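In what follows, a single structure is set out as structure tokens and then discussed.
Model, not experiment: these values are computed from the prediction. Residue numbering restarts at 1 for every chain, and letters A, B, ... go by the order of the sequence lines.
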2 protein chains.
Amino acid sequence: MQKKSSKKIIKESAATKGSYHHGDLRSSLLETAKAMLSDGGIEGLSLRKLADRVGVSRTAPYHHFKDKNELLCAIAEEGFEHWHNNAERIFSQTGMTSKQKYHQFFQGYIGYAAENPEMYDLMFGRTIWKQNSATNDLRDIAYPSFQRQVEMTKKWQEQGLMSAEEDTLRLAQVTWGTMHGIARLLIDGIYADRNHIDEMCACAVNLFTRE
Amino acid sequence: MQKKSSKKIIKESAATKGSYHHGDLRSSLLETAKAMLSDGGIEGLSLRKLADRVGVSRTAPYHHFKDKNELLCAIAEEGFEHWHNNAERIFSQTGMTSKQKYHQFFQGYIGYAAENPEMYDLMFGRTIWKQNSATNDLRDIAYPSFQRQVEMTKKWQEQGLMSAEEDTLRLAQVTWGTMHGIARLLIDGIYADRNHIDEMCACAVNLFTRE
DNA sequence: AGTCTTATTTTGACGCTGTCAAGATATGTG
DNA sequence: CACATATCTTGACAGCGTCAAAATAAGACT
């Protein structure tokens, strides 16, 4: 009885699209799942608690996501979109030197990881990538992001910002590896803390760029 | 019946030390746990399967380790010891330039991670460090390892191998961050693969060292 | 209109997990 | 030989992901 009434409230609030039973379960799940991810991490995000919190039975989510992995991939997709837009915005800025832009990109990358540690862990962690469990949809969004890293590195080399002697792919792997490594040290709570972000970024940019 | 006989066999095989019921449960658990970690990862290592494999009941391990976390920390301790000895060995070598030694250290670090991905994930992953769940014993072994990284960086600066202009701590964080990042990219199966280890290491060493 | 198909959700169940409480058993000590 | 203690087992609980089958609601078709 209680349950039905609370369910109805949810339905009404999501009635803008007004379709089936719940109205818009899939996006409701995604929304709540993102919130749960933020404060509980991947481990803390359980399908049962998620369903309970949205107001449906434990197995209802399975009609919108094949399993937990698919839900996680869907969340990661949104993360990559947000992340891509962010990078795009930084590089379309004008009135800055290449080095300044790179510095800002570097700092933005670390900053995003520090502010959204669980999302970063999901996007670039082993849960998804280790045993090739990424959805095709996710791959279609993530792979170009990785590729873009190489293209930008090539541009930086051509602009004289980075050493042209190094192989582009290796240089991209090393520079991104550095960003990724610092990000992970931060979000995994080991050997580095938030107060040193700016200094670490400045140090890394100094080492990687000329003039 | 079957169970008892198999138990006896295990007891006899470990009877070298011949003490209590099992003989040497703690180290048997550690040994088997390390093996299970290697092929199943942290997730695949379950206390119940571990106990079963060693031939004791599900809760027997709890008399030697407070909980799963404590078992993981004990395994990680062994990892740090092995890792420390390895680094020591490399740096005590003679007849090499500083750069050559650093190169070898870098390659050794990545190599260790690539060959023992699950151990590396345990030692430097969020499972242990994220929510301060590290044992005091583990801290006593791990923290000096981190500190040593800074001391070595200082030495490298003094030897003229690395830029003396950068703050030592920041430089240590960035260079170790790079190693850590490349290691993670490798073991998490994202953006880099084993065939490129040598080239990536050479590239990174070029960027970080002079002459 | 009413029937039929299909999409959605629920209830029940299974095996797995970590871990606690209580009892059984073996070991070393007095 | 008795006692205390360390060790191990059995039973139990709550939580997890997920499958199968039943219930329900929505839309399509005649």
Side-chain angles (χ1 to χ4, degrees), chain A residues 1-8 10-12 14-15 17-29 32-33 36-37 40-74 127-128 131 133, chain B residues 1-8 10-12 14-15 17-30 32-33 36-37 40-75 127-128 131 133:
Chain A
M1 209 186 286
Q2 272 264 343
K3 207 174 178 181
K4 286 206 173 173
S5 70
S6 73
K7 192 173 152 194
K8 212 160 203 176
I10 289 167
K11 185 174 184 176
E12 281 161 6
K17 207 178 169 185
S19 60
Y20 290 100
H21 305 55
H22 173 279
D24 198 10
L25 224 200
R26 191 189 147 94
S27 53
S28 283
L29 287 170
T32 307
M36 290 178 69
L37 179 74
I42 297 176
E43 298 288 281
L45 171 51
S46 105
L47 286 193
R48 295 174 102 110
K49 272 189 292 197
L50 170 61
D52 192 54
R53 197 144 138 188
V54 171
V56 293
S57 75
R58 315 135 235 155
T59 58
Y62 284 87
H63 292 88
H64 300 273
F65 303 97
K66 200 192 103 212
D67 52 20
K68 184 176 181 179
N69 179 67
E70 225 173 58
L71 171 68
L72 292 177
C73 286
T127 306
I128 286 180
Q131 63 270 34
S133 66
Chain B
M1 209 185 285
Q2 270 265 342
K3 207 174 179 181
K4 286 208 174 172
S5 72
S6 75
K7 191 172 148 194
K8 212 157 200 177
I10 288 167
K11 186 173 182 177
E12 281 162 6
K17 204 177 171 187
S19 59
Y20 289 100
H21 304 56
H22 173 279
D24 199 10
L25 225 202
R26 191 189 147 94
S27 54
S28 283
L29 288 170
L30 273 176
T32 308
M36 289 177 71
L37 178 74
I42 298 175
E43 298 289 281
L45 171 52
S46 105
L47 287 193
R48 293 173 102 109
K49 272 189 293 201
L50 169 62
D52 192 55
R53 199 146 135 188
V54 172
V56 294
S57 75
R58 314 134 236 156
T59 58
Y62 283 87
H63 292 88
H64 299 272
F65 304 97
K66 201 192 103 212
D67 52 22
K68 183 176 181 179
N69 178 67
E70 225 173 58
L71 171 69
L72 291 177
C73 286
I75 299 174
T127 306
I128 286 181
Q131 62 270 36
S133 65

Nearest 0.5 Å please: distance from the [atom1] atom of [X] over to the [atom2] atom of [Y].
X	Y	atom1	atom2	answer
B:Thr32	B:Arg53	OG1	CZ	6.5 Å
B:Glu43	B:Thr127	CD	OG1	7.0 Å
B:Arg48	B:Ser57	CZ	OG	10.0 Å

Round to a whole Å and report the spacing from [atom1] of [X] to [atom2] of [N].
X	N	atom1	atom2	result
A:Leu72	D:dC16	CG	C1'	14 Å
B:Asp52	C:dC16	CG	C1'	13 Å
B:Ile42	C:dT17	CD1	C1'	16 Å
A:Lys49	D:dG15	NZ	C1'	9 Å
B:Leu25	C:dA26	CG	P	16 Å
B:Arg26	D:dC8	CZ	C1'	17 Å
B:Leu50	C:dG18	CG	P	9 Å

Qualifying residue for side chain to side chain contact (heavy atoms under 4.5 Å, CB included) with B:Leu37, from B:Leu50, B:Ile42, B:Leu71: B:Ile42

Short side-chain N/O contact from B:Ser46 to OP1 or OP2 of C:dT17, under 4.0 Å: yes

A:Glu70 backbone acceptor or donor facing A:Asp67 side chain under 3.5 Å: yes

Interface residues of residues 59-71 of chain B with DNA chain D (non-hydrogen, below 4.0 angstrom): B:Thr59, B:Ala60, B:His63, B:His64

A:Arg48 (side chain) and D:dG15 (base): donor-acceptor pair under 3.5 Å: no

Any N/O donor-acceptor pair, A:Arg58 side-chain to D:dG15 base, under 3.5 Å: no

Taking every non-hydrogen atom, the tightest pair across B:Ser133 and B:Asn69: O-ND2, 2.7 Å

